[in-house]
Amino acid sequence: MKTSDAILSLAALAQESRLAVFRLLVQAGPDGLPASKIAQALDIAPSSLSFHLKELAHAEMVAAQKAGRSIIYSANFDTMNGLLAFLTENCCGGVPCSPVCKSECDTHA
């Protein structure tokens with residue numbers, strides 16, 4: 001992932017509603033959720049949700065797929081994993097470790 005793409009992804013997530021939407025879609029898995037379910041689950045007005053989904057889609061953090069009269073949104077796991085890889089690329093000085101396992105990383109520092 002290029003730095004400019006990482007900045008775009010992080011900027012899209014740097015807002016409370018968008019972060020909540022993305023986390024909900026990660027939880028939902030690859031099947032995603034229709035916009036109406038997202039709005040209901042997070043108590044976000046449909047017009048506001050449309051704006052937030054557009055921002056997430058622009059950053060390629062979510063994908064949209066038409067299903068009948070609904071649009072199903074899902075987390076873009078490739079982009080998410082690319083962002084995580086970018087952020088942890090040189091974790092622990094290049095010694096393989098789990099970024100969430102602080103004690104293990106500390107022993108290699």
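Below, each value reflects all heavy atoms present in this structure, side chains not excepted, and no hydrogens, waters or symmetry copies.
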So CD1 of I71 and CG of L33: to nearest 0.5 Å the spacing works out to 14.0 Å
May I have the list of side-chain donor-acceptor pairs in residues 43-63 shorter than 3.5 Å, sequence neighbours left out?
from, atom 1, to, atom 2, distance (Å)
S50, OG, P46, O, 3.1
H52, ND1, R18, NH1, 3.3

Value for CG (L84) from OG1 (T79), rounded to nearest 0.5 Å, stands at 11.0 Å
A41 meets the side-chain contact (heavy atoms from CB on, under 4.5 Å) criterion, sequence neighbours left out, with L24
Interatomic distance, CG@D31 vs CD@Q65, rounded to 0.5 Å, equals 10.0 Å
In a table with atom names and distances, give each donor-acceptor pair under 3.5 Å that connects a side chain of residues 1-9 to protein atoms at least two apart or in another chain.
from, atom 1, to, atom 2, distance (Å)
S9, OG, D5, O, 3.1

Same cluster or not: L42 versus I72, using hydrophobic residues (I, L, V, M, F, W, Y) connected whenever any side-chain heavy atoms lie under 4.5 Å apart? no
Tightest non-hydrogen contact, residues G29 and S74, listed as O-CB, 4.4 Å
For F77 and L25, the nearest pair of non-hydrogen atoms, with its separation, is CZ-O, 4.4 Å
CZ of F22 to CG of N76, rounded to nearest 0.5 Å, is 8.0 Å
